[in-house]
Amino acid sequence: MSLYVRMDRDLAPRSRERIDYLLVYAVCFAVLMVEGVLRRIGSIITGHRPAPLGAIFGEARLKAANCATSSFMGL
């Protein structure tokens with residue numbers, strides 16, 4: 001068996017894992033964006049200064065990456 005055949009054989013499971021990761025990431029990101037927007041609306045209602053919109057996207061992106069990574073690690 002050559003190295004080329006072995007690399008070719010391992011390509012499909014990795015791409016499947018990547019798709020699974022991206023799906024989990026997308027779901028986590030959507031849920032965390034809703035949470036961030038609700039917190040922003042709550043801070044506007046209570047009279048506090050809301051976080052900038054870019055901060056909400058960044059926070060949701062980081063939390064979604066942690067959520068997706070830990071879901072595949074068994075944490």
Side-chain angles (χ1 to χ4, degrees):
M1 179 185 298
S2 71
L3 181 59
Y4 178 74
V5 174
R6 184 174 179 102
M7 286 176 54
D8 209 41
R9 185 181 64 190
D10 288 342
L11 186 61
R14 286 187 180 169
S15 64
R16 173 71 180 168
E17 290 172 1
R18 176 132 176 99
I19 291 171
D20 291 344
Y21 175 83
L22 290 175
L23 287 173
V24 171
Y25 178 84
V27 169
C28 290
F29 184 78
V31 169
L32 292 167
M33 276 302 298
V34 170
E35 176 199 4
V37 168
L38 290 176
R39 271 191 291 126
R40 183 181 175 123
I41 291 171
S43 66
I44 290 172
I45 290 172
T46 59
H48 295 98
R49 187 173 144 233
L53 192 58
I56 295 171
F57 281 116
E59 184 179 338
R61 187 179 56 210
L62 287 172
K63 285 183 177 181
N66 286 339
C67 175
T69 302
S70 65
S71 69
F72 290 100
M73 296 175 107
L75 297 176

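Atom SG in C67 sits 12.5 Å away from atom CG in L62 (nearest 0.5 Å).
For the residue pair A68 and C28, the shortest heavy atom distance occurs at N-SG, 4.4 Å.
Other residues, nucleotides and ligands contribute over 12 non-hydrogen atoms within 6.0 Å of the CZ atom of R40.
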Task: Stepwise side-chain contact (heavy atoms from CB on, under 4.5 Å) test for M33 and F29 - done: CA-CA 6 Å; M33 276 302 298; F29 184 78; 3.6 Å; yes

- [ ] Evaluate side-chain contact (heavy atoms from CB on, under 4.5 Å) for E35 paired with L38, printing each intermediate quantity in order.
- [x] CA-CA 5 Å; E35 176 199 4; L38 290 176; 5.9 Å; no

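Hydrophobic clustering keeps L32 apart from Y21 (ILVMFWY residues linked when any side-chain heavy atoms are closer than 4.5 Å, directly or through intermediates). Grouping the Ile, Leu, Val, Met, Phe, Trp and Tyr side chains by contacts below 4.5 angstrom, directly or via other members, places I56 apart from I44.
A donor-acceptor pair is defined here as one N or O able to donate and one able to accept, closer than 3.5 Å; no such pair exists between the side chain of T69 and the backbone of N66.
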